[in-house]
Amino acid sequence: MPLSLHDEIRALHRAVIALARQERSTEPDASRRSPEAEQVGETSRAEDATSKGLSAMASRTLPTELRKRFEKIQKKLNSRKPGAPRRDLGRELAELMEPLASANWAEDLMAKSLAALPGVGPKRAEGFARRGIERINDLLFWLPTRYEDRRRVVGVGELEVGRSATFLAEVKAVQWVSTRRGGRFGKIFQAIVGDDEAVVTLKWFRGGEMLGSQVVKGRWLLVSGEVRRYRFSKELIHPEIESVPSPVAVTDGDTDEDGERLTGDSIDAAKRESLGRVVPVYATPEGMNPRTLRRLIGQSVDAYADLAIGHLPAWLIRERELPSVPDSLRALHRPGSGVDVEEYESFASPAHERLVLEELYLLELGLAMRRAQGASRPGVAIDSSRPESRIAAMGLPYRLTGAQRRVVGEILSDLGRASPMNRLVQGDVGSGKTVVALLAAVAVTACGGQTALMAPTELLAEQHFRTLTKMVADAGEGMHLRIGLLTASLSRAEIKAVRGLLAMGELDLIVGTHALVQGEVVFRNLVLSIVDEQHRFGVMQRAALSAARPDGRFPHRLVMTATPIPRSLAMTLYGELDLSIIDELPPGRKPIETILLRAGEGQRVMDLIRDTLDRREQIYVVYPLVEESEKMDLRSAVESAEQIARAFPGHKVDLVHGRLEAAERQAAMERFSSAETSILVATTVIEVGVDVPGATLMVIEHAERFGLAQLHQLRGRVGRGGDRGQCVLVARGSSEKSEARLRSMTATGDGFKIADADLEIRGPGDFLGTRQSGHLPELRIADLLRDVHLVSVARECARKTIEEDPTLEATPTTRRAVRKRWGKRIDLTAVG
Ligand code: ADP
Ligand code: MG
C-alpha cells in the first residue's frame, strides 16, 4: 500500500527534527558533542530522509499553505553550506516543521473558510454559505447527486429530442438575436454548430458575452446538454461546452500515442473516446455556474483530499475492503471513465460505502457513548417484584393483551435495576399504551415513589388525567393512586396547590404538559418520568423531566410513541433507548373503513353524517390548522361547524380549537365524551390520544395537508368502542402525489405499512425531518433509510469500540470528531 500523505508528513517530520537536532548540536558551544564519525553518518541519514520527503511533497498537489512551508524548508536547506552548519538553522527547521506534529493540523486546515481557496471571493463564499457550505471540509464532502455520462459521444445527426447527449461539432455561425420575452427586450446569443451530417442550434439567454471568445466560427466544441425541439429543428439551451482542437486539423499520417497511424475515420473515433467522460453533477448554490462549482470542487479535491482522515477501525476497513477516505473522495468527485454510473447514483459504490460508514460510525459512537454514560448513572431501583401491578391489572375492565403484558414486564424489570431505565414503548394508535403507563406508575407508587406523565397538549393531558382517574376509581380496592393535573392554564392558586402536594409527596402520579418542567416543580421522590408522544417535545423539555433529582440520582425514563418507525430506524433515532413494541391491538377491533372523496362530493359527506347520527353514533370533523394559514383555517372550521349545525337541527355541534380557554375546551370534550354533543368540529388538537368510544365517523377536511402518520393517528380515534369506524378523507386540490399517499390510507390499516408508504412517497428527508431535528446530528452523506444496512454495521462497530474504550481515549482524533458532530447534544447525556 502506498504511504498516505499523513504517513509521509510524519516521516518527514521525524527526519527534519533529527536534522535540526544535528544542526544544533554542532554549534560551537554544544557541550554534548558526539564523535565526529557518528555525527556525519547521522547527519547524512537525516539529510537523506529529509530531501527524499521533500521531493515526495513536491510531487504532490498540496494546499498552498503546506506547499509554501515545504518550499521554505527546502530553501533553508539549500542555503546551507555542507560542513558549515549554521547556528540558527536547526531552530528554524524545527519551527517550520513543528506545527505539523500536532494532531489537528490537517483538521484545522480543512476547517478553513472557503475564502482560502483560490477562486472563491466573498460573494461566492456567501452563495456557498447559504447552502451550508462554509469550510473547505464542507466542499470536499459535498458529493455529486448525479453523474452525467458523456462517455458516448454521438454524431449531431443522432441527437434525439428530449434526451441528454454529448457531441462534437464545429461552429458554423454565431449571432446575437434580439427578442421580446414577457414584454422585456433581451438578447440571445446563439450558435449554429454541426458536423458532416447535421446541424443544431445552441442558445444562451444570459452570459453570452462570456462565450464570445470560445464560440467562434470554425472552432470545434464538445457540447453536452438536453436536446429540445424548436419549431422544426433541434436546439440546446445553455449547454455545457468545451473547446477542443479541431479533429479536421489532424491530417492523415499523424500517429496516436501508441505510434499507430491514424486515418480520417479512426481519428474521429479516438478523439471521441478520449473526450467522453463521466461528469459529476452537484446541487449548485443559486447563481453559481455548475462548471465553476465543478472546477472548485475538483481543485479542492486535488489539494485537500489527502488531508481527510478516516475514523473507522482498521479491522472493519480490512473486512469490508474499503478504499481510503482520500481515494473515496477522488473516486466520487473525479470519476474515472470506467465507473458504473448507476452504482454511483444509488450511492452503492465502495467509495460511497466508506464515506457513509465514516459518518454513521461517528453518529453511532455518539449514541453508544450517550448510552454508556446513561447506564453508568445512579438510578433509583424499586422492588418491582411486589404484587401491586399484577393485582391492579386484574381490576381492569379488560384483560391485557399479550403484548401489553410483555411490555409491562420489560418495564418492571428495568425499574428493579439500579441504573435508570431508558425505554421507548412503540405501539400503534389504540394499542393501549395508557394502561401500560398506569401499571408502571402503580408499581412505583407501591414503593413510595412518584411518577410524572408529560403529554404534548393540554387536551391530551386533561384527557389522560380523566381516563386515569376513572380507571383508578373503577378499579376500587385494587389501585391506590393519588393523581394530579398540572397545566399552564390552571389558576395560579391551583398550580401552587398542586406543586405543594407534589413536594410533600401527597400525589403519586402527576399528569401534565410541559408545565411540569417549568418553574419550580419539586418532587418528593420522582422515580419514573413518562413522556407521551415524545417527538413533539423539544430536546430540552424532554431532558428536564429526567434530569437528576436533588439527591443526584436519576429517575427512570419511559417514552411512549404511536409513530410507527421501522425498527432499524428507531434503533438509531432513539439510539440510547431500549425498545418495547406493543404489536397487538386489543381484541374485537374492527378495521376502520376509509373513504377518499374529492371536493364537490360534499353531499356524500352529509349523507354519511346523517347515517351515523341515525345510528346514534358520534362524529368528528377535523380541519387542518397550520401556522401559515391559521386565520383562514380557523374561519373554515367555524363556518363548517355552523353549516353542519344548520343541516342537522336537533343535534348539538361543538367546536374545539387550540385558541379556546382550557376550561371551555375541557367542557366541550366532556360534552362530547358524555354524548351530549353529537358532532365535534375540531382542528388537529384531537390528534393524539383522545378517546371517545361513541365516535364512529371521522371526516378529515383538506386531507392532503396532513402527513400519513398523522392521518393514521387521527382515524385511530374512531371505532374505539367496538362499533365499526369510518373515516372520510376529503382531498381538495390535491396533486397526483398526494392522491397516491391518500390512496395508500384506504389500502391498509397497519401503521407500519403506512409509515413505509409515507417514506416511499415523501422521501426520507420529509419523513424524518421533524423527528430528527435537534435529536441527532445532521447527516451530510448517509441516509438512515437508504443506508439502513450500513447503519447496523456502524452501530455494531461503534458498540465494540466503546466497549473497549468508553471515552475514546486511545483515539483523540475520533473523539474530537464525535464531539464536533454532536456538539452540545452529547453533553445532554442519556436524556436526548
Ligand atoms: P394508545 O396506545 O393509542 O394510547 P389507549 O391507551 O388510548 O391507546 O387505548 C385505546 C383504547 O383501548 C382505550 O379505550 C383503552 O381502554 C382500550 N384498551 C386498552 N387495552 C385494552 C385491552 N387489553 N383490551 C381491551 N381494550 C383495551
Ligand atoms: Mg395514547
Side-chain angles (χ1 to χ4, degrees), residues 389-390 392-409 411 423-442 453-475 479 509 511-513 530-537 558-565 580-592 618 620 669 672-673 675 684-696 698 709-725 749-752 754:
S389 286
R390 249 173 299 132
M394 288 191 293
L396 294 171
Y398 43 73
R399 269 173 61 87
L400 292 183
T401 63
Q404 282 171 321
R405 259 200 307 278
R406 189 188 67 237
V407 171
V408 170
I411 295 169
R423 186 169 285 280
L424 174 70
V425 174
Q426 203 180 46
D428 210 341
V429 227
S431 61
K433 293 184 289 294
T434 318
V435 69
V436 169
L438 176 66
L439 294 176
V442 168
L453 170 58
M454 185 161 79
T457 64
E458 297 207 342
L459 201 74
L460 189 54
E462 288 152 12
Q463 140 115 11
H464 271 322
F465 175 67
R466 273 197 307 279
T467 316
L468 293 167
T469 312
K470 185 165 182 308
M471 277 168 116
V472 169
D474 290 353
M479 257 187 256
L509 171 61
V511 180
T513 54
I530 306 176
V531 179
D532 199 13
E533 296 300 335
Q534 82 143 12
H535 65 273
R536 311 189 144 236
F537 290 101
L558 189 65
V559 169
M560 305 197 293
T561 179
T563 312
I565 303 167
S580 285
I581 300 185
I582 309 184
D583 49 5
E584 187 182 351
L585 292 180
R589 289 277 165 80
K590 299 189 187 85
I592 296 157
Q618 292 164 281
Y620 289 108
M669 288 312 293
F672 192 61
S673 237
T684 45
V685 283
I686 63 156
E687 183 192 331
V688 223
V690 173
D691 196 18
V692 177
T696 59
M698 172 162 295
Q710 228 180 347
L711 288 174
H712 179 63
Q713 294 215 356
L714 275 170
R715 93 177 152 183
R717 302 297 115 211
V718 293
R720 295 201 137 198
D723 290 317
R724 173 190 174 73
D750 181 327
F752 280 90
I754 286 169

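For ligands, and for the atoms within them, numbers begin at 1 and follow the listed sequence. All values below were derived from every heavy atom in this structure, side-chain atoms included, with hydrogens, water molecules and symmetry-related copies excluded.
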Residues Leu509, Val472; criterion side-chain contact (heavy atoms from CB on, under 4.5 Å); working and verdict:
CA-CA 11 Å; Leu509 171 61; Val472 169; over 6 Å; no
Would you please test Leu438 and Met479 for side-chain contact (heavy atoms from CB on, under 4.5 Å) and show each step?
CA-CA 10 Å; Leu438 176 66; Met479 257 187 256; 3.8 Å; yes
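The option from Leu400, Leu460, Thr434 that lies nearest to atom 4 (O) of ligand 1, judged by heavy atoms, is Thr434. Considering Gly430, Pro587, Ser431, Gly432 only, the shortest heavy-atom separation from atom 3 (O) of ligand 1 involves Gly430.
In Met560, neither the side chain nor the backbone holds a heavy atom less than 4.0 Å from any atom of ligand 1.
In this structure, the side chain of Gln404 engages the main chain of Gly432 through a donor-acceptor pair within 3.5 Å. The closest donor-acceptor contact from the side chain of Glu584 to the backbone of Ala403 lies under 3.5 Å. Listed for the Arg406 side chain is a donor-acceptor partner under 3.5 Å among the backbone atoms of Ile581.
Heavy-atom proximity to Thr401, at under 4.0 Å, picks out these atoms of ligand 1: 23 (N). Each of the atoms 22 (C), 23 (N), 24 (N) of ligand 1 lies under 4.0 Å from some heavy atom of Arg399.
The shell of residues lying under 4.0 angstrom from ligand 1, judged by heavy atoms, includes Asp428.
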